[in-house]
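Small disclaimer: the values here were computed from a predicted structure and weren't measured. Proteins come first, then strands; the chains are lettered A, B, ... in the order of their sequence lines, and each starts at number 1.
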Number of protein chains: 2
Amino acid sequence: MIQTHAVRLFTERGYDATTVTDVAEAAGVSPMTVYRHFPTKEDLVLVDQHGRLVAERIVASSAAQPLVRRIGGALIDSAATLTGGDDLTAGKQFLLARLRLMISTPALRAKHLDNHYALQQAIVDALGDDAADPDSAFRAQVAASACLAALHTALVRWAEDDGRTELPGLIAKALAAAFGDDIGEDLR
Amino acid sequence: MIQTHAVRLFTERGYDATTVTDVAEAAGVSPMTVYRHFPTKEDLVLVDQHGRLVAERIVASSAAQPLVRRIGGALIDSAATLTGGDDLTAGKQFLLARLRLMISTPALRAKHLDNHYALQQAIVDALGDDAADPDSAFRAQVAASACLAALHTALVRWAEDDGRTELPGLIAKALAAAFGDDIGEDLR
DNA sequence: ACCGATTTGGTAGTAACTATCACTGCGGTA
DNA sequence: TACCGCAGTGATAGTTACTACCAAATCGGT
């Protein structure tokens, strides 16, 4: 509930022009309570379940597939879950509002990209490749970071489109553009 | 000079444990002067010429090559320029110290990644592809973001290695891991 | 020697946090 | 029913990054 009020206020008045106290008042709680649930102001926008979702699908994926396909598949699946179902849902609009804030507000954009970096580490761990071989670990890091970069580009495009395009398809298109159509096609 | 003192203090005492006032005192100037040259505390570590260097090499590259090769070549060239010449130079050590801070400090890491995002836009602009075609623009964004992700992974590896490996080679290896050996090999 | 422009410095203020302590409501137990 | 522990909430005071505004100094050129 606090997050809902926060995103609404940030969208209406702007992120920097809205203080944490404003959010607290709108939600009918004290500033302290806000800080207890959201360690930083940025987290009011950034907190979600995406990372957990992706990591779960990575571990569930077959280790026989190439790295990029395992990661890409997890990203597309997670996106399908998040945006899935009927159109024009409140959840989808909320996701779009948060995404727009993340893209346009420097502080949010920076921390969001840093979250992607943390997600990258989670993905590499979830891949379960032997960390003994530094070369294999390096390839996993590269694959994860490149996939997430493609994901981010797709997310930006999706937000620019106001969510009209299907997000999973966009991500597949981005992956195809990055790694060649042979990888991306199958994922669509 | 201010930046040198800042990086030294941040490395010695830690980023969060060092105030801007501490940096100002060490450099023998007032806090105001620090803020005038470096808009934010993070910029004390992050400011450099890398973005300009990369953008210049992108515009100088041949538009006939595939996107990833144009961008990758520019990244490798720039890295060669920055780390180039003799080993153990003060400049290289300084770069390493800054990089270590960027990787280990959350606030710096976040803003650094955001700088990469800005660099991505600069690269796309420098590519000079027709922005009229949204599909072509999308592919340029994807290529740029993925290349920068690979670059970042290479930089992390380079820092973990204390700069012993040749950076341009590492970047080429990362690009090869992401986009296939056929792209990366030629760049080495 | 002078003057315009750039650089530097001081003061006061805002807002994001943090540490610490006190209070309130709630379920389970004797 | 009285009690206990505990999670959630709140108030106060302090630190620090950063900004707006104005004053002083310093520097290069005529």
Side-chain angles (χ1 to χ4, degrees), chain A residues 1-49 97-98 100-115 117-118, chain B residues 1-49 97-118:
Chain A
M1 186 238 303
I2 293 176
Q3 195 182 32
T4 307
H5 281 285
V7 170
R8 179 176 55 77
L9 287 180
F10 290 159
T11 303
E12 287 172 9
R13 311 184 197 168
Y15 178 79
D16 291 325
T18 308
T19 69
V20 175
T21 306
D22 292 338
V23 174
E25 278 179 16
V29 296
S30 80
M32 285 300 311
T33 302
V34 175
Y35 278 116
R36 235 178 282 273
H37 291 276
F38 302 89
T40 69
K41 186 182 177 184
E42 288 105 1
D43 287 324
L44 283 167
V45 177
L46 299 178
V47 162
D48 62 15
Q49 306 293 331
R98 288 176 49 228
R100 273 191 277 264
L101 284 169
M102 288 183 217
I103 294 168
S104 60
T105 309
L108 292 174
R109 199 175 50 216
K111 193 145 180 176
H112 177 237
L113 290 168
D114 192 47
N115 285 353
Y117 185 68
Chain B
M1 184 240 303
I2 293 176
Q3 194 181 32
T4 307
H5 282 284
V7 170
R8 181 177 54 77
L9 288 180
F10 291 158
T11 302
E12 287 173 9
R13 309 184 198 169
Y15 179 78
D16 292 325
T18 308
T19 69
V20 175
T21 306
D22 291 339
V23 174
E25 277 179 15
V29 296
S30 80
M32 287 297 311
T33 304
V34 175
Y35 279 116
R36 231 175 286 272
H37 292 275
F38 302 90
T40 70
K41 187 182 177 184
E42 288 105 0
D43 288 324
L44 283 167
V45 177
L46 299 178
V47 161
D48 63 14
Q49 308 292 330
R98 288 176 49 229
L99 202 48
R100 274 192 276 264
L101 284 169
M102 288 183 218
I103 293 169
S104 60
T105 309
L108 292 173
R109 200 175 49 215
K111 191 144 181 177
H112 177 237
L113 290 169
D114 193 48
N115 285 352
H116 265 197
Y117 185 69

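Annotation: proximity of residues 105-117 of chain B to DNA chain C (heavy atom, distance under 4.0 Å) is found for no residue. Contact check of residues 13-32 of chain A against DNA chain D (heavy atom, cut-off under 4.0 Å) returns A:Val29, A:Ser30, A:Met32.
Taking the side chain to side chain donor-acceptor pair (under 3.5 Å) definition, one finds that B:Glu42 meets it with B:Thr40, sequence neighbours left out. Looking at residues two or more places apart in sequence or on another chain, you find a side chain to side chain contact (heavy atoms under 4.5 Å, CB included) between A:Tyr35 and A:Val20. Scored by the side chain to side chain donor-acceptor pair (under 3.5 Å) test, B:Asp114 finds A:Arg109 as partners (sequence neighbours excluded). Remark: B:Asp16 engages no residue in a side chain to side chain contact (heavy atoms under 4.5 Å, CB included) (not counting sequence neighbours). Taking A:His5 as the reference, nothing meets the ring-ring contact (aromatic ring centres under 6.0 Å, His included) condition, with sequence neighbours excluded. In this structure B:Tyr15 satisfies the ring-ring contact (aromatic ring centres under 6.0 Å, His included) test together with B:Phe10, sequence neighbours excluded. With sequence neighbours excluded, no residue satisfies ring-ring contact (aromatic ring centres under 6.0 Å, His included) with A:Phe38. Partners of A:Ser104 according to the side chain to side chain contact (heavy atoms under 4.5 Å, CB included) rule, which considers only residues two or more places apart in sequence or in another chain, do not exist here.
Rounded to a whole Å, the CD atom of B:Glu42 is 13 Å from the C1' atom of C:dA16. Rounding to whole angstrom units, CD1 of residue B:Ile2 and P of C:dT7 are separated by 12 Å. In this structure, A:Lys41 atom NZ and C:dC17 atom C1' are separated by 12 Å, rounded to whole Å.
For B:His37 and C:dT8, the shortest distance from a side-chain N or O to OP1 or OP2 is below 4.0 Å.
A salt bridge (Lys or Arg N to Asp or Glu O under 4.0 Å) check over residues 21-38 of chain A, counting only residues at least two apart or in different chains, returns the pairs A:Arg13-A:Asp22.
Think of the region where chain A sits on DNA chain D: with heavy atoms and a 4.0 Å cut, that region ends 5' and 3' at D:dT9 to D:dT12.
Without hydrogens or angle criteria, B:Thr11 side chain to B:Val7 main chain gives a donor-acceptor distance under 3.5 Å. Side-chain N or O atoms of B:Lys111 include none that pairs as donor or acceptor with a backbone N or O of B:Pro106 at under 3.5 Å.
Nearest-nucleotide assignment on DNA chain C puts the 5′-proximal partner with B:Thr33, out of B:Thr33 and A:Arg36.
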